[in-house]
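Here is the structure we will look at, set down as structure tokens.
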Amino acid sequence: MPGFRSEEPQESEGAGPGAGGRVLVTGATGLLGRSLCRQLRDDGWSVIATGFSRASPRMHRCDLTSEEQVHHLIHTHKPEVIVHCAAERRPDVVERSSDSALNLNVHATAVLAKEAASCGSFLLYISTDYVFDGRNPPYGEDDAPNPLNLYGRSKMEGEREATRHCPDSVILRVPVLFGEVERVSESAVTALWTSILDSTQTCSVDHVQQRFPTEVRDVARVCSQICSRRRQDPSLRGVLHFSGTEQMTKYEMTRAVAEAFKLPSDHIVAATDPAPGSASRPQNARLDCSRLQLLGLSVQPRPFRAAILDCLWPFTPDRRWRQTVFH
Ligand SMILES: NC(=O)c1ccc[n+]([C@@H]2O[C@H](COP(=O)([O-])OP(=O)(O)OC[C@H]3O[C@@H](n4cnc5c(N)ncnc54)[C@H](OP(=O)(O)O)[C@@H]3O)[C@@H](O)[C@H]2O)c1
């Protein structure tokens, strides 16, 4: 079939809470998906990793916007669990390329959810705090979404499609993510690194919108725990929230990153006006994560400064300087 690689990818299985159960991860080439696949393998799941343009020969390549490819993928593997990470998650790209973004974020989710239902797979859908308008935080799991931009609307629609076809699915909402990146622009948090390094120019960074940077390794542990719990307790379903606990504007994040790396940050200026031409974003969409905590499925997030050091050190320009920071 065109676009679908049939070579046998590497799967893994073993002891642990997953005990060889088959979990299919969409968006496995992305920021969260890479970390999630590692965590699930460590926890003993047999992982079927799927990507699209970046899929390596050892992964499954599937264009989720092709109904035929999705049908083939799901019915070939009949996974016990599907974790649906793939999405267009950049709000400005979603506004610019709305047809293709909605096709992936909404339509492909509906198709995947239908196939999941027909195979009896448990669906874990990854969603976002951008489903909320950010005017009245914190937001509980049952609060009504009211997205301000098309990305948030598409994820809200994705949530609805997931639950329409798989009423027993779990929706996990998370805020802005960071982690080990292939390039710093891959996460809105690590992207701040560029403005830190160029200290020859002043750089204005938003100091209005409140964010809760969340490390993908923590999200991956939460997802893995949800998958394992679901095995023991088939009644686990509905909306869950997980979030880092440190509240920061992007300006404060930039200063914190510079401080962690002992770099100057006097050239970073706090901006109080929204960036022109960008999609509207919530002022403070803080997530109330009590349901996850009550279920005993939460994890203690690593402190931001420690986690960001791990993510960005490969991008430090000078080895001698690296030694100053890390020793
Ligand atoms: N990143 C954040 O700050 C953030 C915040 C809140 C919620 N989320 C949610 O978390 C999830 C994971 O986000 P992320 O940051 O890991 O995303 P990401 O790094 O941008 O990765 C997107 C993934 O989607 C895949 N994809 C794109 N088009 C596809 C297609 N037509 N068919 C199949 N796969 C396709 C990409 O595959 P290729 O690269 O191989 O093409 C990639 O693996 C998303 O659902 C997002 O909405 C993210």
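Order of appearance sets the numbers: ligands from 1, and atoms from 1 within every ligand.
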Identify, by atom number and element, the atoms of ligand 1 in contact range of S53, meaning under 4.0 Å from any of its heavy atoms. 38 (P), 39 (O), 40 (O), 41 (O)

Close-contact set for ligand 1 against C85 heavy atoms, below 4.0 Å: 11 (C), 12 (C), 44 (C), 45 (O)

C62 neighbourhood, listing ligand 1 atoms whose heavy-atom distance to it stays under 4.0 Å: 32 (N), 33 (C)

Starting from atom 20 (O) of ligand 1, find the nearest protein heavy-atom neighbour and note its residue, name and distance. R89 NE, 3.4 Å

Which atoms of ligand 1 sit under 4.0 Å from any heavy atom of T29? 36 (C), 37 (O), 38 (P), 39 (O), 40 (O), 42 (C), 43 (O)

Between Y151 and ligand 1, is there a nitrogen or oxygen pair with a distance under 3.5 Å? yes

Atoms of ligand 1 less than 4.0 Å from A87 heavy atoms? 22 (C), 24 (O), 44 (C), 45 (O), 47 (O)

S278 and D92: side chain donor to acceptor below 3.5 Å: no

Looking only at protein heavy atoms, what sits closest to atom 23 (C) of ligand 1 is G27 CA, 3.8 Å

Any nitrogen or oxygen of P175, side chain or backbone, less than 3.5 Å from one on ligand 1? no

Side chains of D133 and Y139: is there a donor and an acceptor less than 3.5 Å apart? yes

Mind checking who shares a hydrophobic cluster with Y130, ILVMFWY linked at side-chain heavy-atom distances under 4.5 Å? V94, L102, V106, L150, Y151

Check this for me - ligand 1, G30, N or O atoms closer than 3.5 angstrom, yes or no? yes

Ligand 1 N/O within reach of D63 N/O, cut-off under 3.5 Å: yes

How about R41 and Q39: does a side-chain donor come under 3.5 Å of a side-chain acceptor? no

Hey, which atoms in ligand 1 end up nearer than 4.0 Å to a heavy atom of I126? 9 (C), 10 (O), 11 (C), 45 (O)

Got an N/O contact under 3.5 Å between E186 and ligand 1? no

Under 3.5 Å, is there a donor-acceptor pair between the S118 and H75 side chains? yes

Going by side-chain contact (heavy atoms from CB on, under 4.5 Å), name the residues that satisfy it together with H165, two or more places apart in sequence or in a different chain. A110, A113, K114, E161

So is A86 polar-close to ligand 1, meaning N/O to N/O under 3.5 Å? no

Can you check side chain to side chain contact (heavy atoms under 4.5 Å, CB included) on E67 and H107, steps first, answer last? CA-CA 9 Å; E67 295 187 18; H107 180 67; 3.0 Å; yes

Identify the closest protein heavy atom to atom 6 (C) of ligand 1: which residue and atom is it, and at what distance? V174 O, 3.2 Å

Would you say E141 and H241 are linked by a side-chain donor-acceptor pair, where the criterion is simply a distance under 3.5 Å? no

Please report whether ligand 1 has a polar contact with D129, defined as an N or O pair separated by less than 3.5 Å (distance criterion only). no

Identity and distance of the protein heavy atom lying nearest atom 27 (C) of ligand 1: L104 CD2, 3.7 Å

Please indicate whether any nitrogen or oxygen in L177 is less than 3.5 Å from any nitrogen or oxygen in ligand 1. yes

Side chain or backbone, does F52 bring an N or O within less than 3.5 Å of an N or O on ligand 1? yes

For atom 39 (O) of ligand 1, what is the nearest protein heavy atom, given as residue, atom name and distance? R54 NE, 2.8 Å

Side chains of T249 and H207: donor-acceptor distance under 3.5 Å anywhere? yes

What pair of heavy atoms forms the shortest contact from G134 to Q283, and how long is it? O-CB, 3.7 Å

Which of the atoms of ligand 1 are close to S127, meaning less than 4.0 Å from one of its heavy atoms? 7 (C)

Using the side chain to side chain donor-acceptor pair (under 3.5 Å) rule, pick out the option among S98, S154, S127 that qualifies with N105. S154

Could you state the interatomic distance from NE2 (H267) to OG1 (T200), rounded to the nearest 0.5 Å? 8.0 Å

So which protein heavy atom does atom 45 (O) of ligand 1 come closest to, and at what separation? K155 NZ, 2.7 Å

Taking the six-membered ring of W45, is the NZ or CZ of R38 close enough (under 6.0 Å from the centre) and on axis enough (within 45°)? no

Quickly, which of W313, F178, F261, F315 forms a ring-ring contact (aromatic ring centres under 6.0 Å, His included) with W193? Name it, please. F261

Do S35 and R217 have a side chain donor and acceptor closer than 3.5 Å? no

Do the side-chain N and O atoms of H84 and T26 include a donor-acceptor pair separated by under 3.5 angstrom? yes

Determine whether the side chain, the backbone, both or neither of N105 has a heavy atom under 4.0 Å from any heavy atom of ligand 1. neither

For L31, is at least one N or O under 3.5 Å away from an N or O on ligand 1? yes

Where's the contact between H84 and ligand 1, heavy-atom distance under 4.0 Å: side chain, backbone, both or neither? neither

How close does the nearest protein non-hydrogen atom get to atom 32 (N) of ligand 1, and which residue and atom is it? L64 N, 2.9 Å

Atom 16 (O) of ligand 1 [closest protein heavy-atom partner, distance rounded to 0.1 Å]: L32 N, 2.8 Å

